[in-house]
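All figures in this text were calculated on a predicted structure; none of them were measured in a lab. Atom set for the values below is all heavy atoms of this structure, side chains included, hydrogens, waters and symmetry mates excluded.
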Amino acid sequence: MCKLLLSRGASLDLRDPEGLDPEAVARHVNKATTAAFLAEVRAAGGWTGYVAAPRLELLALRRALPALRERGRATPSSVPVHERLFLRKDVPDDVFSHVVSFWRSDHRDYYALSDDED
């Protein structure tokens, strides 16, 4: 519910009648996971920053990978598609981030199970 509300523009700065913000309310009702999530969103500067952070980290890794390899800090993947996805300059950043997002999602597992059942 928090993710939905935040994605629709809910503010982390609103206060209840007792002066508590959403994170404080979550802690008050013993919802530690929700409070930690809200703290992460706030630390990222809001919903947009929170959602963009993993993509930005992956893109930074993608750009740093060739140099990491040269210094012996990264080894080639045993999966050829990973090599093509990370290292080919002609694969746009948006395609890269969508593929990696799908690969990390629950949808990927759903499709894998669907294929096995047929």
Side-chain angles (χ1 to χ4, degrees):
M1 183 55 80
C2 287
K3 289 178 183 180
L4 175 66
L5 292 171
L6 289 167
S7 73
R8 299 295 193 267
S11 174
L12 292 171
D13 298 322
L14 292 177
R15 306 281 175 167
D16 73 0
E18 296 175 13
L20 301 175
D21 66 13
E23 183 183 340
V25 170
R27 290 191 195 293
H28 180 72
V29 297
N30 296 320
K31 299 291 184 181
T33 302
T34 300
F37 165 72
L38 293 170
E40 287 178 26
V41 173
R42 184 180 300 279
W47 181 252
T48 302
Y50 175 80
V51 171
R55 179 182 181 272
L56 296 174
E57 290 173 6
L58 282 170
L59 291 174
L61 173 61
R62 184 182 189 206
R63 289 184 184 96
L65 190 57
L68 291 170
R69 284 214 176 143
E70 287 175 16
R71 294 191 308 254
R73 302 285 308 223
T75 58
S77 174
S78 61
V79 181
V81 73
H82 293 166
E83 291 293 303
R84 290 192 302 270
L85 184 61
F86 269 91
L87 297 174
R88 285 185 51 177
K89 302 277 187 218
D90 61 332
V91 175
D93 285 347
D94 285 343
V95 171
F96 169 79
S97 60
H98 285 344
V99 169
V100 173
S101 294
F102 179 78
W103 175 68
R104 296 177 67 193
S105 74
D106 293 337
H107 299 293
R108 175 187 64 102
D109 294 334
Y110 171 76
Y111 291 118
L113 288 173
S114 296
D115 290 345
D116 291 342
E117 292 174 0
D118 289 340

- prompt: Is Val91 close to Arg62 at the side-chain level, that is, under 4.5 Å between some pair of heavy atoms?
  reply: yes
statement: Heavy atoms of Pro22 and Ser11 approach each other most closely as CG-O, 4.0 Å
- prompt: How long is the gap from CD on Glu70 to CG on Leu68, to the nearest 0.5 Å?
  reply: 9.5 Å
task: Determine the minimum heavy-atom distance between Asp90 and Pro92, stating which atoms define it.
output: O-CD, 3.2 Å
Hydrophobic cluster membership, Leu38 vs Leu20, 4.5 Å side-chain cutoff: no
- prompt: Cluster question for you: counting only ILVMFWY and a side-chain heavy-atom cut-off of under 4.5 Å, with indirect links fine, are Leu59 and Val95 together?
  reply: yes
task: State plainly whether the residues Asp13 and Arg42 are in salt-bridge range, i.e. N to O under 4.0 Å.
output: yes
query: In Å and rounded to the nearest 0.5 Å, what is the NZ to CZ distance from Lys89 to Arg63?
result: 9.0 Å
- request: Working to the nearest 0.5 Å, report the span between SG of Cys2 and CH2 of Trp47.
  value: 9.5 Å
message: I'd like to know if Val41 and Val51 are part of one continuous hydrophobic network [Ile/Leu/Val/Met/Phe/Trp/Tyr, side-chain heavy atoms within less than 4.5 Å].
response: yes
field: Note, Phe37 side chain near Glu23 side chain (heavy atom, < 4.5 Å)
entry: no
